[in-house]
Amino acid sequence: MKIKCDVCKTEYNLPAATSGEVRCAICGHVWTVKNKTRRSGLMVFFASLCALLAATVFAVAVIVTSRRDDPDKRPLVAVIDDIQTVTTDGTSQIVVTGTVTNRSDNMYAFPDLIIVLYGEDGSPIARQRFMPSATFLDVGQSVGFTHRLSGNTAGVKRVAVELVNMEDKK
């Protein structure tokens, strides 16, 4: 630890644990040096407690946000009401009709929808994203959608609808 004489400004290097009276070798001035601890145990405890509290708040926030993935907690729900196979000019197409319902107490922007076609083994064959005609869903409102799938629909065993997350729309 560095100290300086208040009278003649002579500097001295002392061990860190030094405390008590010190006499200047040049001018003879005597003064008291106190051992400066870098951090008290109470300060370290308080800092640790704050860090633990911040980590707990963060963990709770992550858990609450991840619960949006629970189907029962989602504000918007898409349901397929009907699936038809339509043949036009010798080409078969699947027409999916359904509804999106706002189960929350807030108005939501209507997200894009994705129709997913699954094969016999349960793996996705194709995904088609489309924009519905509605722009907003008011509290408790349901809006219907119809989408004609383009492309090859051979081997389709199951059809599902998904809402595009708002993060995915960027």
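Being a predicted model, the structure only gives us computed values, none of them experimental.
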Measure the shortest side-chain to side-chain distance between [X] and [Y] over non-hydrogen atoms and say whether it is less than 4.5 angstrom.
X	Y	result
Leu113	Leu163	yes
Ser123	Tyr118	no
Val22	Thr32	no
Gln93	Thr85	no
Ile94	Ile83	yes
Val44	Ser48	yes
Val159	Val116	no

Under the rule for side-chain hydrogen bond (donor to acceptor under 3.5 Å, both in side chains), what residues qualify as partners of [X], not counting sequence neighbours?
X	result
Ser104	Asn102
Gln84	Asp82
Arg158	none

Looking at Leu76 and Pro111, what are the two nearest heavy atoms and their distance?
-> CD1-CD, 3.6 Å
Working for side chain to side chain contact (heavy atoms under 4.5 Å, CB included), residues Gln128 and His147 = CA-CA 10 Å; Gln128 291 188 14; His147 183 67; 3.4 Å; yes
Validation: residues 134-142 side-chain donor-acceptor distances under 3.5 Å, sequence neighbours left out:
from: Gln141; atom 1: OE1; to: Asp138; atom 2: N; distance (Å): 2.7
from: Ser142; atom 1: OG; to: Thr101; atom 2: OG1; distance (Å): 2.8

For the hydrophobic clusters of this structure (ILVMFWY residues joined by side-chain heavy atoms under 4.5 Å, transitively), does one cluster hold both Trp31 and Ile26?
-> yes
Cluster question for you: counting only ILVMFWY and a side-chain heavy-atom cut-off of under 4.5 Å, with indirect links fine, are Leu117 and Ile80 together?
-> yes
Got a sec, which residues hit salt bridge (Lys or Arg N to Asp or Glu O under 4.0 Å) with Arg148, two or more places apart in sequence or on another chain?
-> none
Just how far is it from atom CZ of Phe130 to atom CD1 of Ile115, taken to the nearest 0.5 Å?
-> 4.5 Å
Taking everything shown except Asp105 itself, do over 12 heavy atoms lie less than 6.0 Å from its CG?
-> no
Out of Thr99, Val161, Thr97, Asp81, which one pairs with Phe145 under the side-chain contact (heavy atoms from CB on, under 4.5 Å) rule?
-> Val161
Sequence neighbours excluded and cut-off under 3.5 Å, please list the side-chain donor-acceptor pairs for residues 2-17, or say none.
from: Lys9; atom 1: NZ; to: Asp6; atom 2: O; distance (Å): 3.1
from: Tyr12; atom 1: OH; to: Ala25; atom 2: N; distance (Å): 2.9

